[in-house]
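The structure under discussion appears below in the form of structure tokens.
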Amino acid sequence: MKNSRIYLSLAHIGGREQEFIQQAFDTNWVVPMGPNVSGFEQDLVQFLGNDAQVSALSSGTAALHLGLILLDVKPDDEVLCQSFTFAASANPIVYLGAKPVFVDSERDTWNLSPEHLERAIQDRIAKGKTPKAIIVVHAYGMPAKMDEIRTIANRHKIPLLEDAASALGSTYKGIHCGTLGELAALSFNGNKIITTSGGGALVATHQRIACKIVGQCPQRNDGNLIKKARFLATQARDAAPHYQHSQIGYNYRMSNIVAGIGRGQMLVLPERIAQRRANNQFYRKHLAGIEGITFQTEPNSDFYSNYWLTSILIDPEKTNGITRETLRLALEAANIESRPLWKPMHLQPIFADCPFYGDGTGEDLFNKGLCLPSGSILTEQDLQRVVKVIKQILV
Ligand SMILES: *Cc1c(COP(=O)(O)O)cnc(C)c1O
């Protein structure tokens with residue numbers, strides 16, 4: 001009998017989701033607002049702390065799009081964006097007619113390199129334009145080097161938009177990812193650490209950090225950013241009895257039904273983080289000492305990753321020429337799904353003309369890297385199957 005398929009990252013239902021959905025049906029709240037939406041937003045606020053304000057939306061991509069609008073990104077503006085990421089980080093820049101400028105990663109966290117960021121900003125300014133925003137990603141749950149990045153952003157008075165789509169539950173110096181930028185996007189897509197089947201949220205942290213950016217953060221410390229996000233996400237309707245619009249709006253609000261799934265998922269979020277981290281520990285323990293494998297690793301105790309996806313690099317110079325692709329195909333032959341690390345945006349055909357500042361780190365990560373099955377739903381038996389194939393190939 002063929003082994004059942006092991007997936008990279010599947011949804012993992014907690015058990016109480018249907019109670020919240022049932023409440024929505026029982027009360028006719030089958031609309032893009034209502035008690036589950038507000039309840040889910042409250043749950044997130046409570047979890048994130050740090051004065052976070054949250055607007056639940058239809059996707060993480062929608063959150064990034066609205067985030068850029070709230071940071072006043074306009075056609076022909078430039079936006080700096082981590083190149084080593086998923087396309088959804090960069091696409092909303094183009095939705096607005098603005099121009100992505102890609103910045104490479106550093107080796108420790110695989111996220112935005114402070115060194116290349118500084119160089120990129122100085123060069124863009126020298127070429128005549130101060131970038132309007134910086135999109136920083138916490139790749140696979142690993143927090144970026146936020147102190148260094150924040151210092152640079154503040155020095156140049158450029159606001160930070162965090163793509164924390166995969167980093168719910170990760171922290172930097174004890175502060176939640178998603179509350180480290182002026183604005184942040186979360187995702188509850190089906191493959192994320194918790195899911196609403198599809199959904200996202202925009203987070204505004206209207207406290208000390210945001211307020212330092214004088215003149216850049218359009219509104220401060222009064223909840224107006226999130227109020228504005230809700231307004232834009234519901235078709236930008238002015239206060240009038242008829243439909244009246246003085247701005248372009250969007251239909252981005254989360255439905256009260258899927259928000260019910262989110263409320264159920266929030267009850268198990270701490271468990272899900274623990275499970276993903278335990279998977280990561282399992283792989284580290286059982287793959288320890290194998291020549292040529294290295295893990296994406298927290299550089300020190302300031303960094304706490306939810307380890308959404310356990311990710312490794314295979315160095316063919318140390319594995320007698322075995323590449324990540326050899327390994328991926330061997331896993332596939334054993335009915336196990338794995339995936340190469342993101343192909344950096346500056347190497348994507350659609351972004352070929354965009355400026356890039358870097359040294360090839362993201363490209364090297366792509367060439368050598370593989371995401372291993374990491375779902376919280378995996379059993380120890382599943383993990384053992386994955387480890388066995390890796391050892392067959394590399395030991
Ligand atoms: C999933 C993801 C997104 C997109 O979120 P959606 O909810 O699917 O729109 C954006 N950026 C990163 C890094 C992601 O992992």
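For reference, positions follow the sequence shown, starting with 1. Whatever order the structure lists ligands and atoms in, that order sets their numbers, starting from 1.
Using a 4.0 Å cut-off between heavy atoms, S59 contacts ligand 1 through both its backbone and its side chain.
Of the charged side-chain nitrogens involved, none lies within less than 4.0 Å of a carboxylate oxygen, so that K127 and E78 do not count as a salt-bridged pair. Between D76 and K129 there is no salt bridge, since none of the side-chain N atoms of the basic residue sits less than 4.0 Å from a carboxylate O of the acidic one.
A parallel orientation is assigned to the rings of Y140 and W342, their planes being inclined by less than 30° (bins at 30° and 60°). The aromatic rings of H176 and F47 lie tilted to each other, with the angle between the two planes from 30° to 60°.
For G199, the closest heavy-atom approach to ligand 1 falls below 4.0 Å. At least one heavy atom of K192 sits less than 4.0 Å from an atom of ligand 1.
Between the side chain of E162 and the backbone N or O of G181 there is at least one donor-acceptor pair closer than 3.5 Å.
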Take Q235 and H245 through the test side chain to side chain donor-acceptor pair (under 3.5 Å) and record every step on the way to the result. CA-CA 8 Å; Q235 309 285 20; H245 307 274; over 6 Å; no
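Counting atoms of ligand 1 from 1 in the listed order, those under 4.0 Å from a heavy atom of N189 are 8 (O). When each atom of ligand 1 is checked for a heavy atom of T61 under 4.0 Å away, the hits are 4 (C), 5 (O), 6 (P), 9 (O). Each of the following atoms of ligand 1 lies closer than 4.0 Å to a heavy atom of G60: 5 (O), 6 (P), 7 (O), 9 (O). Atom numbering of ligand 1 starts at 1 in the shown order; those under 4.0 Å from a heavy atom of S187 are 1 (C), 5 (O), 6 (P), 7 (O), 8 (O). The distance from ligand 1 to the heavy atoms of A88 drops below 4.0 Å at these ligand atoms: 3 (C), 4 (C), 10 (C).
With sequence neighbours left out, the side chain to side chain contact (heavy atoms under 4.5 Å, CB included) criterion links N320 to no other residue.
For ligand 1, the polar-atom distance check against T85 finds no nitrogen or oxygen pair separated by under 3.5 Å.
Taking only non-hydrogen atoms, the option from N191, T196, D163 nearest to atom 12 (C) of ligand 1 is D163.
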